[in-house]
Q: 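Here it is, the structure in full.
Just so it is clear, the structure is predicted and the values come from calculations on it, not from any experiment.
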Amino acid sequence: MSKITFSNRNNEFYQSLKVSVDEYFEKNKIKKTGDWRLFSKTIILIGAAITMYCLLMFVNMSVLPALLLCAALGFVFSSIGFSVMHDANHGSYSTKPMLNDLLGLSANALGASSFFWKQKHNIIHHTYTNVDGIDDDIAKSPIIRQCESQKWVPAHKVQHLYLLPVYALSSIFWLFFMDFTKYFTRKIYTTEAWKMTAKNKAIFWATKIGYLTFYIVLPIVKWGFLPWLGGFLLLHAVMGLTLSLVFQLAHVVENTEFETIALDETKHIETAWAEHQIRTTANFAMGNKVISWFVGGLNYQIEHHLFPRVSHVHYPAISKIVMQKCSEYNLPYNKYDTMWEALGSHFRVMKFLGKRPLVLEQQVAA
(Lines give C-alpha, C1' and ligand atoms only; values in the text may rest on other atoms or scores of the structure.)
Protein backbone atom coordinates (compact mmCIF):
# COMPACT_ATOMS: atom_id res chain seq x y z
CA MET A 1 0.00 0.00 0.00
CA SER A 2 1.30 3.46 -0.94
CA LYS A 3 1.83 5.98 1.85
CA ILE A 4 2.07 9.76 1.72
CA THR A 5 2.90 12.20 4.50
CA PHE A 6 2.61 15.97 4.46
CA SER A 7 4.97 18.49 6.02
CA ASN A 8 3.26 20.40 8.81
CA ARG A 9 6.32 22.37 9.88
CA ASN A 10 4.86 25.45 8.19
CA ASN A 11 1.16 25.17 8.98
CA GLU A 12 0.61 28.77 10.01
CA PHE A 13 -1.85 29.38 7.18
CA TYR A 14 -4.30 26.71 8.28
CA GLN A 15 -3.96 27.50 11.97
CA SER A 16 -4.73 31.15 11.31
CA LEU A 17 -7.58 30.24 8.98
CA LYS A 18 -9.20 27.92 11.53
CA VAL A 19 -9.09 30.62 14.18
CA SER A 20 -10.80 33.11 11.85
CA VAL A 21 -13.47 30.63 10.75
CA ASP A 22 -14.17 29.59 14.35
CA GLU A 23 -14.50 33.28 15.27
CA TYR A 24 -17.07 33.69 12.50
CA PHE A 25 -19.28 30.94 13.91
CA GLU A 26 -18.84 32.10 17.49
CA LYS A 27 -19.51 35.74 16.67
CA ASN A 28 -22.70 34.89 14.76
CA LYS A 29 -23.73 32.26 17.33
CA ILE A 30 -24.40 29.60 14.71
CA LYS A 31 -23.51 25.92 14.46
CA LYS A 32 -21.20 24.56 11.79
CA THR A 33 -23.80 21.96 10.81
CA GLY A 34 -26.89 22.47 8.66
CA ASP A 35 -29.76 24.80 9.47
CA TRP A 36 -33.25 25.52 8.13
CA ARG A 37 -31.82 26.09 4.64
CA LEU A 38 -30.53 22.53 4.48
CA PHE A 39 -33.55 21.01 6.21
CA SER A 40 -36.00 22.72 3.83
CA LYS A 41 -33.89 21.69 0.84
CA THR A 42 -33.97 18.08 2.05
CA ILE A 43 -37.78 18.12 2.22
CA ILE A 44 -38.06 19.73 -1.22
CA LEU A 45 -35.62 17.39 -2.97
CA ILE A 46 -36.71 14.12 -1.39
CA GLY A 47 -40.37 15.14 -1.75
CA ALA A 48 -39.80 15.93 -5.43
CA ALA A 49 -38.05 12.59 -6.00
CA ILE A 50 -40.85 10.60 -4.34
CA THR A 51 -43.48 12.55 -6.30
CA MET A 52 -41.75 11.94 -9.63
CA TYR A 53 -41.29 8.24 -8.89
CA CYS A 54 -44.97 7.86 -7.94
CA LEU A 55 -46.10 9.69 -11.08
CA LEU A 56 -44.02 7.34 -13.21
CA MET A 57 -45.30 4.25 -11.40
CA PHE A 58 -48.98 5.09 -10.86
CA VAL A 59 -50.01 7.51 -13.61
CA ASN A 60 -50.47 6.40 -17.20
CA MET A 61 -48.68 8.82 -19.52
CA SER A 62 -47.25 8.97 -23.01
CA VAL A 63 -43.58 8.40 -23.80
CA LEU A 64 -42.37 12.01 -23.92
CA PRO A 65 -43.67 13.12 -20.49
CA ALA A 66 -42.37 9.87 -18.97
CA LEU A 67 -38.89 10.41 -20.43
CA LEU A 68 -38.84 14.03 -19.27
CA LEU A 69 -39.75 12.87 -15.77
CA CYS A 70 -36.97 10.27 -15.85
CA ALA A 71 -34.45 12.95 -16.85
CA ALA A 72 -35.72 15.29 -14.13
CA LEU A 73 -35.55 12.46 -11.58
CA GLY A 74 -31.93 11.80 -12.51
CA PHE A 75 -31.11 15.47 -11.93
CA VAL A 76 -32.94 15.52 -8.58
CA PHE A 77 -31.12 12.34 -7.51
CA SER A 78 -27.84 14.12 -8.23
CA SER A 79 -28.89 17.09 -6.16
CA ILE A 80 -29.88 14.81 -3.26
CA GLY A 81 -26.41 13.29 -3.52
CA PHE A 82 -24.73 16.70 -3.51
CA SER A 83 -26.82 18.30 -0.79
CA VAL A 84 -28.19 15.66 1.57
CA MET A 85 -26.06 12.55 1.22
CA HIS A 86 -22.79 14.45 0.96
CA ASP A 87 -23.31 16.57 4.09
CA ALA A 88 -24.71 13.63 6.05
CA ASN A 89 -21.83 11.28 5.27
CA HIS A 90 -19.34 14.00 6.19
CA GLY A 91 -21.12 14.41 9.53
CA SER A 92 -21.91 18.04 8.73
CA TYR A 93 -25.66 17.71 8.19
CA SER A 94 -26.55 17.58 11.89
CA THR A 95 -24.98 17.49 15.34
CA LYS A 96 -26.84 14.18 15.83
CA PRO A 97 -24.77 11.22 14.53
CA MET A 98 -27.84 9.01 14.14
CA LEU A 99 -29.48 11.53 11.81
CA ASN A 100 -26.28 11.82 9.79
CA ASP A 101 -26.08 8.03 9.49
CA LEU A 102 -29.73 7.76 8.48
CA LEU A 103 -29.57 10.44 5.80
CA GLY A 104 -26.18 9.14 4.73
CA LEU A 105 -28.01 6.02 3.60
CA SER A 106 -29.56 8.15 0.86
CA ALA A 107 -26.40 7.09 -1.00
CA ASN A 108 -27.74 3.52 -0.89
CA ALA A 109 -31.15 4.72 -2.06
CA LEU A 110 -29.39 6.21 -5.08
CA GLY A 111 -27.76 2.87 -5.83
CA ALA A 112 -24.38 3.35 -4.12
CA SER A 113 -22.99 2.34 -0.73
CA SER A 114 -22.50 4.86 2.07
CA PHE A 115 -20.05 2.44 3.71
CA PHE A 116 -17.62 2.44 0.80
CA TRP A 117 -18.33 6.08 -0.09
CA LYS A 118 -17.21 7.31 3.33
CA GLN A 119 -13.79 5.71 2.99
CA LYS A 120 -13.36 6.45 -0.71
CA HIS A 121 -14.39 10.08 -0.39
CA ASN A 122 -13.93 11.26 3.20
CA ILE A 123 -10.64 9.51 3.88
CA ILE A 124 -8.90 8.78 0.58
CA HIS A 125 -10.02 11.66 -1.66
CA HIS A 126 -10.01 14.34 1.02
CA THR A 127 -6.59 13.37 2.35
CA TYR A 128 -4.82 12.54 -0.93
CA THR A 129 -6.59 14.89 -3.33
CA ASN A 130 -5.26 14.63 -6.90
CA VAL A 131 -2.56 12.13 -5.89
CA ASP A 132 -2.31 9.74 -8.81
CA GLY A 133 -1.90 6.25 -7.41
CA ILE A 134 -4.16 6.78 -4.36
CA ASP A 135 -7.05 9.15 -5.18
CA ASP A 136 -9.78 6.96 -6.66
CA ASP A 137 -11.54 10.01 -8.11
CA ILE A 138 -8.83 10.37 -10.77
CA ALA A 139 -8.35 6.63 -11.34
CA LYS A 140 -10.18 6.24 -14.65
CA SER A 141 -7.20 5.17 -16.74
CA PRO A 142 -6.99 3.84 -19.43
CA ILE A 143 -10.50 5.03 -20.34
CA ILE A 144 -9.59 8.66 -19.73
CA ARG A 145 -6.29 10.29 -18.79
CA GLN A 146 -6.74 12.90 -16.02
CA CYS A 147 -3.14 13.87 -15.24
CA GLU A 148 0.24 13.75 -16.94
CA SER A 149 1.62 10.92 -14.79
CA GLN A 150 -1.02 8.49 -16.09
CA LYS A 151 -0.26 6.15 -18.98
CA TRP A 152 -1.17 7.48 -22.41
CA VAL A 153 -2.94 5.35 -25.02
CA PRO A 154 -3.87 6.39 -28.59
CA ALA A 155 -7.59 6.60 -27.75
CA HIS A 156 -6.80 9.55 -25.48
CA LYS A 157 -6.24 11.69 -28.58
CA VAL A 158 -10.00 12.03 -28.82
CA GLN A 159 -10.91 11.70 -25.14
CA HIS A 160 -12.29 15.25 -25.10
CA LEU A 161 -14.83 14.06 -27.67
CA TYR A 162 -15.99 10.95 -25.80
CA LEU A 163 -15.88 12.43 -22.29
CA LEU A 164 -19.61 13.14 -22.09
CA PRO A 165 -20.69 9.59 -22.99
CA VAL A 166 -18.21 8.23 -20.43
CA TYR A 167 -19.55 10.58 -17.76
CA ALA A 168 -23.13 9.66 -18.72
CA LEU A 169 -22.35 5.99 -18.06
CA SER A 170 -20.55 6.62 -14.78
CA SER A 171 -23.48 6.13 -12.39
CA ILE A 172 -24.48 2.86 -14.12
CA PHE A 173 -20.89 1.68 -13.80
CA TRP A 174 -20.98 2.74 -10.14
CA LEU A 175 -24.26 0.88 -9.58
CA PHE A 176 -23.46 -2.43 -11.28
CA PHE A 177 -19.68 -2.71 -10.97
CA MET A 178 -17.74 -0.40 -8.65
CA ASP A 179 -19.38 -1.22 -5.31
CA PHE A 180 -19.29 -4.96 -5.96
CA THR A 181 -15.62 -4.74 -6.95
CA LYS A 182 -14.86 -2.99 -3.64
CA TYR A 183 -16.98 -5.52 -1.72
CA PHE A 184 -15.34 -8.65 -3.13
CA THR A 185 -11.75 -7.39 -3.50
CA ARG A 186 -11.81 -5.53 -0.17
CA LYS A 187 -9.92 -2.71 -1.87
CA ILE A 188 -10.69 0.84 -2.94
CA TYR A 189 -8.31 1.35 -5.83
CA THR A 190 -4.93 0.78 -4.10
CA THR A 191 -6.14 1.12 -0.51
CA GLU A 192 -7.37 -1.71 1.71
CA ALA A 193 -11.08 -1.26 2.46
CA TRP A 194 -12.39 -1.09 5.99
CA LYS A 195 -13.49 -4.40 7.47
CA MET A 196 -17.25 -4.84 7.14
CA THR A 197 -19.31 -5.93 10.11
CA ALA A 198 -22.32 -8.22 9.76
CA LYS A 199 -24.51 -5.09 10.00
CA ASN A 200 -22.55 -3.36 7.21
CA LYS A 201 -22.96 -6.41 4.97
CA ALA A 202 -26.68 -6.69 5.73
CA ILE A 203 -27.25 -3.02 4.87
CA PHE A 204 -25.17 -3.36 1.70
CA TRP A 205 -27.14 -6.32 0.34
CA ALA A 206 -30.57 -5.19 1.59
CA THR A 207 -30.24 -1.80 -0.08
CA LYS A 208 -28.86 -3.29 -3.30
CA ILE A 209 -31.86 -5.63 -3.44
CA GLY A 210 -34.14 -2.70 -2.59
CA TYR A 211 -32.72 -0.66 -5.46
CA LEU A 212 -33.10 -3.62 -7.83
CA THR A 213 -36.74 -3.97 -6.74
CA PHE A 214 -37.82 -0.32 -6.90
CA TYR A 215 -35.90 0.81 -9.97
CA ILE A 216 -35.68 -2.31 -12.11
CA VAL A 217 -38.20 -5.05 -11.25
CA LEU A 218 -41.29 -2.95 -10.44
CA PRO A 219 -40.82 -0.50 -13.35
CA ILE A 220 -40.42 -3.43 -15.78
CA VAL A 221 -43.66 -4.89 -14.45
CA LYS A 222 -45.34 -1.49 -14.90
CA TRP A 223 -43.89 -0.37 -18.24
CA GLY A 224 -42.35 -3.43 -19.89
CA PHE A 225 -38.68 -4.05 -20.54
CA LEU A 226 -37.87 -1.68 -23.41
CA PRO A 227 -39.74 1.38 -22.05
CA TRP A 228 -38.12 0.76 -18.65
CA LEU A 229 -34.67 0.45 -20.26
CA GLY A 230 -35.05 3.75 -22.11
CA GLY A 231 -36.17 5.57 -18.97
CA PHE A 232 -33.54 3.94 -16.76
CA LEU A 233 -30.69 4.77 -19.14
CA LEU A 234 -31.90 8.37 -19.50
CA LEU A 235 -32.20 8.78 -15.72
CA HIS A 236 -28.65 7.54 -15.22
CA ALA A 237 -27.27 9.52 -18.16
CA VAL A 238 -28.48 12.76 -16.57
CA MET A 239 -27.40 11.65 -13.12
CA GLY A 240 -23.97 10.48 -14.26
CA LEU A 241 -23.31 13.62 -16.30
CA THR A 242 -24.34 15.92 -13.46
CA LEU A 243 -22.34 14.11 -10.79
CA SER A 244 -19.22 13.72 -12.94
CA LEU A 245 -19.07 17.27 -14.26
CA VAL A 246 -19.53 18.90 -10.86
CA PHE A 247 -16.75 16.82 -9.30
CA GLN A 248 -14.41 17.13 -12.31
CA LEU A 249 -14.71 20.92 -12.27
CA ALA A 250 -13.34 20.89 -8.74
CA HIS A 251 -10.02 19.21 -9.49
CA VAL A 252 -9.32 18.58 -13.19
CA VAL A 253 -9.11 22.12 -14.52
CA GLU A 254 -6.31 24.51 -15.43
CA ASN A 255 -4.06 25.61 -12.55
CA THR A 256 -4.94 22.76 -10.18
CA GLU A 257 -1.92 20.62 -9.30
CA PHE A 258 -1.29 16.88 -9.14
CA GLU A 259 1.08 14.56 -7.30
CA THR A 260 1.92 10.97 -8.13
CA ILE A 261 3.03 7.95 -6.13
CA ALA A 262 4.00 4.45 -7.20
CA LEU A 263 2.44 1.31 -5.76
CA ASP A 264 3.87 0.54 -2.29
CA GLU A 265 5.98 3.70 -2.38
CA THR A 266 6.39 5.94 0.66
CA LYS A 267 6.51 9.63 -0.23
CA HIS A 268 6.82 12.87 1.74
CA ILE A 269 5.26 16.03 0.29
CA GLU A 270 7.02 19.23 1.32
CA THR A 271 3.82 21.20 1.80
CA ALA A 272 1.24 21.18 4.56
CA TRP A 273 -1.99 19.28 3.99
CA ALA A 274 -4.09 22.47 3.84
CA GLU A 275 -1.83 24.02 1.23
CA HIS A 276 -2.10 20.81 -0.81
CA GLN A 277 -5.89 21.15 -0.73
CA ILE A 278 -5.66 24.76 -1.90
CA ARG A 279 -3.37 23.88 -4.80
CA THR A 280 -5.37 20.86 -6.02
CA THR A 281 -8.87 22.35 -5.85
CA ALA A 282 -10.94 25.00 -7.64
CA ASN A 283 -14.26 26.80 -7.18
CA PHE A 284 -16.74 27.85 -9.86
CA ALA A 285 -19.85 30.02 -10.21
CA MET A 286 -19.57 31.27 -6.64
CA GLY A 287 -21.99 34.12 -7.32
CA ASN A 288 -24.71 31.89 -8.80
CA LYS A 289 -27.18 31.04 -6.01
CA VAL A 290 -29.21 28.68 -8.23
CA ILE A 291 -26.17 26.55 -9.05
CA SER A 292 -25.05 26.65 -5.39
CA TRP A 293 -28.47 25.40 -4.28
CA PHE A 294 -28.64 22.47 -6.69
CA VAL A 295 -25.00 21.33 -6.35
CA GLY A 296 -25.04 21.51 -2.55
CA GLY A 297 -22.34 24.17 -2.35
CA LEU A 298 -19.87 21.94 -4.18
CA ASN A 299 -19.00 24.89 -6.38
CA TYR A 300 -17.15 25.98 -3.20
CA GLN A 301 -14.82 22.99 -3.22
CA ILE A 302 -11.89 24.86 -1.68
CA GLU A 303 -13.90 25.62 1.44
CA HIS A 304 -15.30 22.11 1.47
CA HIS A 305 -11.85 20.49 1.32
CA LEU A 306 -10.52 22.71 4.08
CA PHE A 307 -13.61 22.31 6.28
CA PRO A 308 -15.42 19.08 5.34
CA ARG A 309 -17.20 18.98 8.72
CA VAL A 310 -18.86 22.34 8.00
CA SER A 311 -22.21 22.20 6.19
CA HIS A 312 -22.26 23.55 2.65
CA VAL A 313 -24.84 26.21 3.57
CA HIS A 314 -22.01 28.14 5.27
CA TYR A 315 -19.49 28.01 2.41
CA PRO A 316 -20.42 31.33 0.74
CA ALA A 317 -19.83 33.15 4.02
CA ILE A 318 -16.54 31.50 4.96
CA SER A 319 -15.21 31.74 1.38
CA LYS A 320 -14.53 35.43 2.02
CA ILE A 321 -12.35 34.46 4.99
CA VAL A 322 -10.51 31.79 2.98
CA MET A 323 -9.82 34.17 0.08
CA GLN A 324 -8.47 36.79 2.48
CA LYS A 325 -6.16 34.27 4.17
CA CYS A 326 -4.92 32.90 0.83
CA SER A 327 -4.02 36.42 -0.22
CA GLU A 328 -2.37 37.08 3.13
CA TYR A 329 -0.19 33.96 2.87
CA ASN A 330 0.47 34.31 -0.87
CA LEU A 331 -1.39 31.13 -1.79
CA PRO A 332 -3.45 30.62 -4.96
CA TYR A 333 -7.24 30.64 -4.85
CA ASN A 334 -8.38 28.91 -8.03
CA LYS A 335 -11.82 29.98 -9.17
CA TYR A 336 -13.91 30.42 -12.29
CA ASP A 337 -16.60 33.08 -12.41
CA THR A 338 -19.11 30.90 -14.28
CA MET A 339 -19.80 27.22 -14.73
CA TRP A 340 -19.21 27.62 -18.47
CA GLU A 341 -15.69 28.95 -17.83
CA ALA A 342 -14.96 25.97 -15.60
CA LEU A 343 -16.35 23.55 -18.19
CA GLY A 344 -14.19 25.14 -20.89
CA SER A 345 -11.14 24.79 -18.67
CA HIS A 346 -11.89 21.13 -17.94
CA PHE A 347 -12.26 20.24 -21.61
CA ARG A 348 -9.07 22.13 -22.52
CA VAL A 349 -7.18 20.17 -19.86
CA MET A 350 -8.59 16.86 -21.07
CA LYS A 351 -7.76 17.70 -24.69
CA PHE A 352 -4.19 18.60 -23.68
CA LEU A 353 -3.81 15.36 -21.71
CA GLY A 354 -4.99 13.46 -24.77
CA LYS A 355 -1.95 14.53 -26.76
CA ARG A 356 0.86 12.04 -27.14
CA PRO A 357 3.45 12.82 -24.40
CA LEU A 358 6.71 14.28 -25.68
CA VAL A 359 8.75 11.34 -24.35
CA LEU A 360 6.74 8.97 -26.56
CA GLU A 361 7.18 11.27 -29.56
CA GLN A 362 10.94 11.16 -29.01
CA GLN A 363 10.92 7.35 -28.73
CA VAL A 364 9.01 7.05 -32.01
CA ALA A 365 11.39 9.47 -33.72
CA ALA A 366 14.40 7.50 -32.48
Side-chain angles (χ1 to χ4, degrees), residues 2 74 78 111-112 120-121 124-125 128-182 184-185 187-191 229-230 232-265 280-282 284 336 339-366:
S2 306
S78 301
K120 164 188 161 60
H121 184 80
I124 300 172
H125 172 66
Y128 309 108
T129 310
N130 276 15
V131 177
D132 181 32
I134 299 182
D135 187 359
D136 188 58
D137 281 16
I138 57 167
K140 308 297 183 289
S141 179
I143 299 172
I144 56 176
R145 185 172 184 247
Q146 293 173 283
C147 62
E148 292 185 73
S149 57
Q150 292 176 346
K151 182 182 178 181
W152 180 88
V153 298
H156 293 153
K157 291 180 181 179
V158 292
Q159 68 173 4
H160 60 289
L161 300 178
Y162 65 72
L163 270 184
L164 292 182
V166 169
Y167 291 165
L169 291 170
S170 61
S171 64
I172 288 183
F173 188 70
W174 172 21
L175 172 65
F176 290 111
F177 180 73
M178 290 171 64
D179 281 343
F180 294 108
T181 299
K182 294 177 178 70
F184 289 110
T185 64
K187 294 190 77 173
I188 300 175
Y189 189 28
T190 58
T191 303
L229 183 62
F232 187 77
L233 291 176
L234 180 59
L235 183 154
H236 275 280
V238 173
M239 184 176 172
L241 271 172
T242 307
L243 290 170
S244 296
L245 287 173
V246 168
F247 284 114
Q248 292 298 313
L249 299 189
H251 302 292
V252 189
V253 288
E254 293 157 319
N255 300 320
T256 55
E257 298 179 9
F258 292 82
E259 290 282 348
T260 183
I261 187 170
L263 186 64
D264 295 326
E265 179 187 358
T280 56
T281 309
F284 65 90
Y336 296 87
M339 189 170 189
W340 290 112
E341 287 181 19
L343 282 168
S345 180
H346 174 61
F347 276 87
R348 284 193 296 273
V349 166
M350 296 303 288
K351 185 176 182 179
F352 170 78
L353 290 170
K355 295 178 180 179
R356 184 197 296 263
L358 181 59
V359 64
L360 292 181
E361 293 281 6
Q362 293 171 340
Q363 289 173 359
V364 171

Q: Backbone N or O of H251 within a donor-acceptor pair of the N130 side chain at under 3.5 Å?
A: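 Answer holds: yes.
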Q: Grab the two heavy atoms, one from G133 and one from Y189, that are nearest each other, plus how far apart they are.
A: C-CE2, 3.6 Å
Q: For S78 versus V238, what's the shortest heavy-atom pair and its separation?
A: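 Closest heavy-atom pair between S78 and V238: OG-O, 4.3 Å.
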Q: Do side-chain atoms of Q159 reach the backbone of R145 as a donor and acceptor pair under 3.5 angstrom?
A: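 It does hold such a pair.
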Q: After noting the C-alpha distance and the side-chain angles of L249 and L343, does the key distance pass the side-chain contact (heavy atoms from CB on, under 4.5 Å) rule?
A: CA-CA 7 Å; L249 299 189; L343 282 168; 4.0 Å; yes
Q: Quick check: are there more than 12 heavy atoms from other residues, nucleotides or ligands sitting under 6.0 Å from NZ of K187?
A: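 Check passes, neighbour count above 12.
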Q: Step by step, would you call V166 with Y162 a side-chain contact (heavy atoms from CB on, under 4.5 Å)?
A: CA-CA 6 Å; V166 169; Y162 65 72; 3.6 Å; yes
Q: Look up atom CD in E257 and atom SG in C147, then write down how far apart they are to the nearest 0.5 Å.
A: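 E257 CD to C147 SG: 12.5 Å, rounded to 0.5 Å.
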Q: Return yes if some donor-acceptor pair links the side-chain N/O of S345 with the main-chain N/O of V253 below 3.5 Å, else return no.
A: no
Q: Distance from Q146 atom CD to L163 atom CG, nearest 0.5 Å?
A: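 Going from CD on Q146 over to CG on L163, the span is 8.5 Å.
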Q: CD/Q248 to CG/L243 distance, rounded to the nearest 0.5 angstrom?
A: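 One finds 11.0 Å between CD of Q248 and CG of L243.
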Q: Would you please test E259 and I261 for side-chain contact (heavy atoms from CB on, under 4.5 Å) and show each step?
A: CA-CA 7 Å; E259 290 282 348; I261 187 170; over 6 Å; no
Q: Donor-acceptor check, side chain of S170 to backbone of Y167, threshold 3.5 angstrom: yes or no?
A: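 Yes.
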Q: Tell me, do M178 and F173 make a side-chain contact under 4.5 Å, heavy atoms counted?
A: yes
Q: Quick one: ring pair (Phe, Tyr, Trp, His ring centres under 6.0 Å) partners of F232, sequence neighbours excluded?
A: W228, H236
Q: Taking H160 for the side chain and F347 for the main chain, is one N or O donor matched with an acceptor at less than 3.5 Å?
A: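 Checking the backbone N and O of F347 against the side chain of H160, no donor-acceptor pair under 3.5 Å is found.
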Q: How far does CZ of F247 sit from NE2 of H125, to the nearest 0.5 angstrom?
A: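 Interatomic distance, F247 CZ to H125 NE2, rounded to 0.5 Å: 7.5 Å.
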Q: Could you report the tightest heavy-atom contact between F284 and A342, atom names first, then the distance?
A: CB-CB, 3.7 Å
Q: Once rounded to the nearest 0.5 Å, what's the spacing between atom NE2 of H156 and atom CD1 of I143?
A: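 So the gap between those two atoms works out to 8.5 Å.
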Q: I would like to know whether V252 and T256 meet side-chain contact (heavy atoms from CB on, under 4.5 Å); could you show each step before the answer?
A: CA-CA 7 Å; V252 189; T256 55; 5.8 Å; no
Q: Minimum heavy-atom separation for L175 to G111, with atom names?
A: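 Shortest heavy-atom contact: CD1-O, 3.3 Å.
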Q: Can you list everything that forms a side-chain contact (heavy atoms from CB on, under 4.5 Å) with K157? Sequence neighbours excluded, please.
A: W152, R356
Q: Rounded to the nearest 0.5 Å, what's the gap from CG on D137 to OG1 on T129? Could you check?
A: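 One finds 8.5 Å between CG of D137 and OG1 of T129.
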Q: Looking at K140, I'd like to know if its NZ atom is crowded, meaning that more than 12 non-hydrogen atoms belonging to other residues, nucleotides or ligands lie closer than 6.0 Å.
A: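 Counting other residues, nucleotides and ligands, NZ of K140 exceeds 12 neighbours.
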Q: For the residue pair W174 and M239, establish whether any side-chain heavy-atom pair is separated by less than 4.5 Å.
A: yes
Q: Between Y128 and I134, which heavy-atom pair has the shortest distance, and what is it?
A: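 Looking at all heavy atoms of both residues, the shortest contact is CD1-CG2, 3.6 Å.
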Q: Looking at D179, D135, D136, which hits salt bridge (Lys or Arg N to Asp or Glu O under 4.0 Å) with K120?
A: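 Only one option passes, and that is D136.
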Q: For F180, enumerate each residue passing the ring pair (Phe, Tyr, Trp, His ring centres under 6.0 Å) test, keeping only those at least two apart in sequence or located in another chain.
A: F204, W205
Q: State whether the side chain of E148 and the backbone N or O of F258 hold a donor-acceptor pair below 3.5 Å, judged by distance alone.
A: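 Side chain of E148 to backbone of F258: no pair is present.
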